[in-house]
Amino acid sequence: MASTAAVPFWRSAGMTYISYSNICASLVRNCLKEPYKSEAISREKVHFSVSKWADGKPQKPTIRSDTPED
Amino acid sequence: MFRQVASRLLTRSTTTTYSAGAAATIRRPFATDVSTDTSSGDSAFTEAWKKVAPNIDPPKTPIQFMEPRPPTPSSLPSKLTVNFVLPYAAELSKAEVDMVIVPATTGQMGILPGHVPTIAELKPGLLSVHEGNDVKKYFISSGFAFVHSNSYADILAVEAIPLDRIDPAQVQKGLSEFTQKLNSASTDLDKAEAQIGVDVHSALNAALTG
């Protein structure tokens, strides 16, 4: 019995459920009326730093942010 | 490979190290079979404690602080208890309602008290909560709905907006933009993104007009 469940189109295109869900959410947020839209966008802002590790030591971190650098 | 894993999961067996023969596979109980009365705590722990320190009350263990799962009533409950949550807020928390209609990927699904336990993946669409004569509608971006045997429904959504907060001009603009992108898309990923845009905006459109 081979598992031939029908895959959704985004899964067959290589997208994960999380990316699909996040894309849907950001599109819906874009269609909000003003004051709610700016509230929603400010709520979802992220700011984080990622560093890959090699030989037990962290390499140079990259900072990903939605807040403007000043 | 997946066939073997699936059958192993179904038997819910656990292998133990101490006896290779008879006790090699012990069936784990289902979550609904385990007793939900947690007020007495772990009896083995309290007995061991009493042996060592008989004059001191045994401390409470974490399980005694947990609220037990609400039991499945023997007769059909009259109301459905809904927990409608978003990542940043709980829209409805243990709200007693008559019916909820959720936009499952398999179509609009109505959930009434006594609904068979279900797990449904939701697609972008309209969620309506019916209580007496009031209907509250929300547009959901995506999420999941869990219906339990005790007539509790948990609806999890990433974004849920009341219909009067939707901007129709933006919806039309987005729809035409993504339909154009879909026609001009080349890679699979671009096509998928454009298709998602078209789906979300047409669902928004349908929610506004329907």
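None of the values given here were measured: they were computed from a predicted structure. Residue numbers start from 1 in every chain, and the chains themselves are labelled A, B, ... in the order their sequence lines are given, proteins ahead of strands.
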Among B:E159, B:H201, B:Q170, which residue has the highest count of heavy-atom pairs closer than 4.5 Å to chain A? B:E159
Nearest heavy atoms of [X] and [Y], plus distance in Å:
X      : Y      : answer
A:R29  : B:V158 : NH2-CG1, 4.4 Å
B:A192 : A:F9   : O-CE1, 3.6 Å
B:E193 : A:I23  : CG-CD1, 4.3 Å

To the nearest 0.5 Å, atom CG of A:N22 lies from atom OG of B:S141 at 8.5 Å
Just how far is it from atom CD1 of B:I140 to atom SG of A:C24, taken to the nearest 0.5 Å? 12.0 Å
Contact class of B:V200 relative to chain A, heavy atoms under 4.5 angstrom: side chain
Given side chains that start at C-beta, do those of A:W10 and B:D199 come closer than 4.5 Å, heavy atoms only? no
Taking atom [atom1] as the centre, does [X] end up with more than 12 heavy-atom neighbours from other residues, nucleotides or ligands that are less than 6.0 angstrom away?
X      : atom1 : result
B:I119 : CD1   : no
B:K137 : NZ    : no
A:I18  : CD1   : no
A:K33  : NZ    : yes
B:K136 : NZ    : no
B:Q180 : CD    : no

So if I apply the side chain to side chain contact (heavy atoms under 4.5 Å, CB included) rule between A:C31 and each of B:L208, B:D167, B:I161, B:L204, which one comes out positive? B:L204
